[in-house]
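Below: one structure, written as structure tokens.
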Amino acid sequence: MARSYDFVAVEAKWQQRWAEQRTFRTPNPGDPDFDPRKPKFYVLDMFPYPSGAGLHVGHPLGYIATDIVARYKRMTGSNVLHPMGFDAFGLPAEQYAIEHGVHPRATTERNIANMRRQLLAFGLSYDWERELATTDADYYRWTQWIFLQLYGSYFDLEAGRARPIAELEQRLARGERVVTDDLRVVAAPLPGSAATPGSAATTRPWATLTAVEQRSVLDQQRLAYLAEVAVNWCPALGTVLANEEVTADGRSERGNHPVLKRPLKQWMLRITAYAERLIADLDGVEWPEPIKLMQRNWIGRSEGALVDFALDAPAAAAAGAAAGTTAPEPIRVFTTRPDTLFGATYMVLAPEHPLVPQLTTPGQRAAVEAYRAATARRSELDRQSGQAEGKTKTGVATGACAINPVNGARLPIWIADYVLMGYGTGAIMAVPAHDQRDFDFARACGLPLRAVVLPPAAWIAEQGAAAGRAAPSREDYLAHVGDYGVPYVGEGESVQSRHGELVLDGLPTAEAKHAVTAWLERRGIGSGQVQYKLRDWLFSRQRYWGEPFPVLHGPDGETEPVPEHELPVALPPMDDFRPVVDEDLSRPPQPSLGRAPESWRAVVRDGVRYTRELNTMPQWAGSCWYYLRFLDPRNDQALAAAAAEHYWMSPPAAAAEPATSPATESTSAPALTTPARAGGVDLYVGGAEHAVLHLLYARFWHKVLYDLGHVSTPEPFGRLFNQGYILAAAFTDERGVYVPAAEVEERDGAFYYRGQVVRREYGKMGKSLKNAVTPDEMFKEYGCDTLRLYEMYMGPLEVSKPWNTRDIIGVHRFLHRVWRNVCGEGEAPDGACLVETPADAELRRLLHQTIKRVTEDLDRLRFNTALAALIELNNVLVGRATLPREVAEPLVLMLAPFAPHVAEELWQLLGHERSLAYAPWPRYDPALLVVDEVELVVQVSGKTRGRVRVPVAADLAAVRAAAEADPKIAKHLQGLTIHKAVLVPGRLLNLVAG
RNA sequence: GCCGGAGUGGCGAAACUGGUAGACGCGCGGGACUCAAAAUCCCGUUUGCCUUGGCAAGUAAGGGUUCGACUCCCUUCUCCGGCACCA
């Protein structure tokens with residue numbers, strides 16, 4: 001039996017065998033070998049982008065972890081769905097293809113092949129028969145289908161969910177919804193496009209609208225709609241970019257090209273309609289709290305009020321004349337602090353605000369125009385980064401004034417770029433005494449302050465002293481608020497806030513908000529309002545390598561969806577797929593698909609010539625729903641069969657989960673490897689860099705599909721886990737340039753590269769820091785089982801930790817020791833040998849303790865400590881002459897999820913013919929863990945002074961007697977009286993003496 | 001600036017709900033085996049002080065609660081991540 005551990009041969013053998021025997025093929029409901037009695041477990045990795053560089057050892061950290069979970073869950077009797085695919089559309093592939101003069105299809109296929117090879121070499125137990133790539137026509141057919149669902153739906157505000165747009169049309173026809181003269185549906189207004197508070201707009205019956213008008217009304221309600229918006233345009237890349245593809249200083253993340261704002265008509269997805277549900281449903285998923293918080297912050301819900309400020313008489317007359325009407329529009333603002341309305345001392349409009357030209361007085365016109373022009377030259381991104389909070393604020397007075405509705409005060413109207421057109425209404429009331437930005441601006445422009453919220457006395461004292469006030473007090477603050485160095489932005493009792501019947505004085509902030517909002521609503525000049533930072537999702541790209549939109553454009557500018565049965569709209573083959581680079585912003589952009597063959601671009605229907613949409617979808621589209629396609633990847637009738645979707649996505653049935661071990665279910669927190677209660681993917685593992693975008697977009701699509709009845713759960717990912725990064729030492733020379741880390745030598749604590757001293761730092765492993773370590777070199781040296789073990793042994797999965805090749809040897813030795821313990825060593829095993837005799841009581845207890853530790857650690861995803869337990873058990877075996885089969889087999893089975901190749905080989909050497917992939921996980925016997933004597937630590941006044949062996953059931957008196965009898969302990973008690981004795985059963989005894 | 005997360009030996013880390021700080025591994029020191037080396041096995045390894053055995057200090061720093069604090073509370077520092085004029 002003796003034979004040395006040849007990891008190269010063992011790993012090749014078992015990878016081949018798993019593939020041949022389709023060991024990890026997962027049957028679906030309805031398949032002949034599907035067992036419906038087993039509980040299900042869907043464990044998913046965030047699928048990778050197949051880059052040309054291939055994997056380094058940092059990439060598969062999460063994949064190894066999920067593989068361990070998948071293998072463990074198979075052994076504990078679950079049906080495990082564990083698939084893998086590739087997110088292959090997008091800018092990097094296209095840019096790479098352009099730079100190398102190859103078609104992105106070719107580079108993508110090559111990169112996928114290389115990455116699949118690398119993943120296979122890790123021995124990951126994916127069901128490769130479910131592999132998919134977002135670039136497959138069979139896949140993006142359904143991406144396009146989902147787009148058509150979005151296009152064919154609207155958001156019913158009353159029901160709070162999406163419905164087919166045909167239902168809206170019926171309601172309009174029946175008069176259940178009405179249309180205003182500016183073609184808006186008022187009975188179901190969209191968030192942010194609310195009708196004038198209190199004013200009854202004139203409406204028109206549906207039948208009186210022309211066909212064009214009806215179409216326009218419906219198009220505006222769709223979840224996918226065309227809109228003219230200011231977009232990030234990158235002339236050098238010839239495409240618009242999402243905000244996340246643009247760096248803080250207004251350049252493209254890829255290529256570092258300048259990015260400008262320009263208005264373009266683009267496809268938008270109405271994610272804002274789901275803002276409320278996207279926040280609310282976070283409560284039901286088991287995700288890390290910081291990730292939930294980041295999503296909430298990104299959505300940015302804030303409650304407040306819309307308030308209308310009428311223009312004062314001269315301004316109204318001027319604006320009325322300019323607009324050619326008699327009743328000029330009031331200025332509407334959004335505020336989260338309506339309780340501070342009495343503290344407003346001026347107003348600010350965004351420079352782009354449409355009312356600005358009308359109300360600017362002749363004397364100010366030149367200055368205002370100059371300021372607006374200066375603002376327009378700078379992109380919004382510039383404005384945000386260059387002009388952040390704390391920097392000097394600029395602005396210009398328009399010369400006009402508005403009337404504060406609560407007290408009739410005249411408020412000068414300014415324009416300033418610290419007010420953004422894109423949030424709220426693009427106008428604010430400024431309360432400099434209680435808002436940092438307004439305070440800064442008021443200081444810069446010499447505007448007055450008025451205190452209307454009373455700060456706590458301590459605040460007044462502290463800030464008053466800091467500002468050099470002689471006698472800070474409530475009266476001093478109210479009279480001289482401008483002399484205090486900072487605004488008070490907290491909550492407090494309202495003061496100086498009464499006029500006529502409206503009295504806020506004495507009310508705490510929350511009540512004051514209520515009172516003033518109710519007052520505004522009664523008078524029809526304001527209303528409560530919820531605002532979100534979240535914007536609708538810009539969904540068009542002008543590039544080639546993405547999903548084509550299944551949309552046709554008619555001769556009169558109408559859009560027509562491509563019928564479902566004609567999907568997919570395939571990407572046309574093109575030799576020249578480069579974007580059109582055009583610095584001239586007056587010309588419309590020319591998407592790459594504009595140069596597709598005429599036969600692709602033009603479609604004739606009923607004698608009418610349509611042209612195809614020439615934009616493509618952004619990279620996020622494909623990753624929004626891939627977890628659903630894995631459920632049923634070859635289905636050509638639906639994106640996934642209902643039975644498969646139900647089975648794999650459902651929350652666990654109440655009693656479906658068998659306890660893996662008798663004593664593990666006592667803990668309150670659910671183990672990380674029980675199916676997610678919320679339903680959806682049971683364990684989704686990936687990097688925290690997708691905390692917002694991917695996870696938010698996918699949740700949004702999932703909710704639309706849920707509303708339309710295509711999926712059965714409201715959330716896609718019931719449980720989320722973020723793995724940390726693998727860091728590695730990187731080295732810079734004196735110019736600050738990175739040098740290849742592999743060639744750096746260490747001598748006496750200093751680091752040298754080609755004789756030059758270099759500086760060490762730590763960073764995410766990768767090409768840019770020149771510190772990548774490839775798995776291929778590790779496989780060659782140690783084998784993939786060792787690499788898997790090392791990555792899990794480095795530390796907890798969720799923390800980032802530095803790679804250190806030197807340390808790998810530890811787990812490698814461990815595998816060798818396991819091998820020797822089971823097989824003996826060399827040609828003549830020197831004693832260490834498998835025996836069929838039972839283990840002695842001590843060893844048996846250790847085994848069962850180890851099973852308990854490993855099982856519980858796996859349930860908590862604590863792979864590092866699970867391995868430590870296995871190493872401890874194995875180290876004990878090293879010192880023993882024989883190895884009872886009773887111990888050898890559980891040891892091999894417990895090792896299997898971590899190091900599957902060597903475990904399979906040992907399992908076979910132990911005489912088993914079948915793979916251990918579905919062998920039952922070892923169970924421990926709680927009775928064997930019971931001890932009748934324990935060693936207690938004895939402390940004297942909190943300091944450990946000795947230990948005593950006592951029966952487990954010993955009471956305080958007995959333990960105390962035993963402790964005091966111990967000479968070492970007695971020495972520390974000499975001359976002291978024991979005031980108190982604390983016994984923690986099984987742990988310690990503390991004698992407080994003095 | 002605001003919001004999160006984290007600071008434990010020479011290094012990666014462990015310590016479950018407040019109960020022996022440093023499990024396990026790397027490295028290092030010593031020993032066995034060997035002609036020798038590798039591999040393997042054994043012993044030691046937080047720091048300081050006393051040459052058995054102890055004593056003292058110690059989980060970023062300072063304070064607090066407690067019989068008892070890496071763990072809870074307050075203040076400060078450092079690092080990492082997110083957001084950044086969102087009214």
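Phosphate contact (OP1/OP2 of B:C67, side-chain N/O of A:K980, threshold under 4.0 Å): present. Residue A:N990 places no side-chain N or O under 4.0 Å from the OP1 or OP2 atom of B:U20. Between A:K943 and B:A57 there is a side-chain polar atom (N or O) within less than 4.0 angstrom of OP1 or OP2. In this model, the phosphate group of B:G25 is not approached by any side-chain N or O of A:Y793 to a distance below 4.0 Å at OP1 or OP2. Phosphate proximity of B:U20 to A:R945: absent, as no side-chain N or O sits under 4.0 Å from OP1 or OP2. OP1 or OP2 of B:C55 has at least one side-chain nitrogen or oxygen of A:H972 nearer than 4.0 Å. Proximity of A:N864 to the phosphate of B:A14: a side-chain N or O atom is located under 4.0 Å from OP1 or OP2. Taking side-chain N and O atoms only, A:R817 has a distance below 4.0 Å to OP1 or OP2 of B:C41. Taking only side-chain nitrogens and oxygens, A:R862 comes nearer than 4.0 Å to OP1 or OP2 of B:A14.
Using a 4.0 Å heavy-atom criterion, one finds that A:R947 contacts the bases of the nucleic acid, with or without backbone contacts as well. Among the protein residues, A:I809 comes within range of the sugar-phosphate backbone only, with heavy atoms under 4.0 Å from sugar or phosphate atoms but none that close to a base. Using a 4.0 Å heavy-atom distance criterion, A:D438 is classed as making no nucleic acid contact. Within the 4.0 angstrom heavy-atom criterion, only backbone atoms of the sugar-phosphate kind lie near A:I871; the bases stay farther away. Within the nucleic acid shown, A:L988 comes within 4.0 Å of at least one base atom, counting heavy atoms only. Using a 4.0 Å heavy-atom distance criterion, A:K533 is classed as a base contact. Using a 4.0 Å heavy-atom cutoff across all strands shown, A:R301 reaches no nucleic acid atom at all. Among the heavy atoms of the strands lying under 4.0 Å from A:V937 is at least one base atom, whether or not backbone atoms are also near. Across all strands shown, A:K968 has heavy atoms under 4.0 Å from sugar-phosphate atoms exclusively, and none from any base. Residue A:S302 is classed as a sugar-phosphate contact, given heavy-atom separations below 4.0 Å to backbone atoms only.
Side-chain atoms of A:R820 and base atoms of B:U40 include no donor and acceptor less than 3.5 Å apart.
Because its glycosidic torsion is more than 90° from 0, B:G68 is reported here as anti.
Side-chain N/O atoms of A:Y418 and A:D438 include a donor and acceptor closer than 3.5 Å. Remark: the A:Y762 side chain and the A:S800 side chain contain no N/O donor-acceptor pair separated by less than 3.5 Å.
Between A:W414 and A:F441, the ring planes lie perpendicular to each other; the angle is over 60°, past the 30° to 60° tilted range. Ring-plane geometry between A:F731 and A:F751 is classed as tilted, the angle between the planes lying from 30 to 60 degrees on a 0 to 90 degree scale.
Within the 4.5 Å cutoff, no side-chain heavy atoms of A:D857 are placed close to those of A:F863.
Under the ring pair (Phe, Tyr, Trp, His ring centres under 6.0 Å) rule, A:Y5 has a single partner from A:W819, A:F814, A:Y782, which is A:W819.
Salt bridge A:E791/A:K801: absent, no basic N to carboxylate O contact under 4.0 Å. Under the 4.0 Å criterion applied to side-chain N and carboxylate O atoms, A:R960 and A:E964 are assigned as salt-bridge partners.
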Requested in this report: Give the intermediate values and the outcome of salt bridge (Lys or Arg N to Asp or Glu O under 4.0 Å) for residues A:R862 and A:E856.
Outcome: CA-CA 8 Å; A:R862 305 291 291 191; A:E856 289 176 0; over 6 Å; no

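Here B:U20 presents its C1' atom at 9 Å from CZ of A:R987, a figure rounded to the nearest Å. When rounded to the nearest whole Å, the span between CD of A:E798 and C1' of B:A13 equals 13 Å. In this structure, A:K801 atom NZ and B:G7 atom P are separated by 14 Å, rounded to whole Å. What separates CG of A:L789 from P of B:C26 is a distance of 12 Å, to the nearest Å.
Here B:A87 is the nucleotide among B:A87, B:A23, B:G27 with the atom lying nearest to any side-chain atom of A:Y423. If you check B:A14, B:A87, B:C26 against the side chain of A:D807, the one that comes closest is B:C26.
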Query raised in the report: Can you give the dot-bracket line for RNA chain B, using ( ) for pairs inside the strand, [ ] for pairs that cross earlier ones, | for pairs with another strand and . for unpaired bases, where Watson-Crick and G-U count if both distances are under 3.5 Å?
Result: (((((((..(((......[....)))((((((.......))))))(((((..)))))..(((((..]....))))))))))))....

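Residue order along RNA chain B, read from the 5' end via each residue's closest nucleotide, puts A:R853 first among A:R853 and A:I808.
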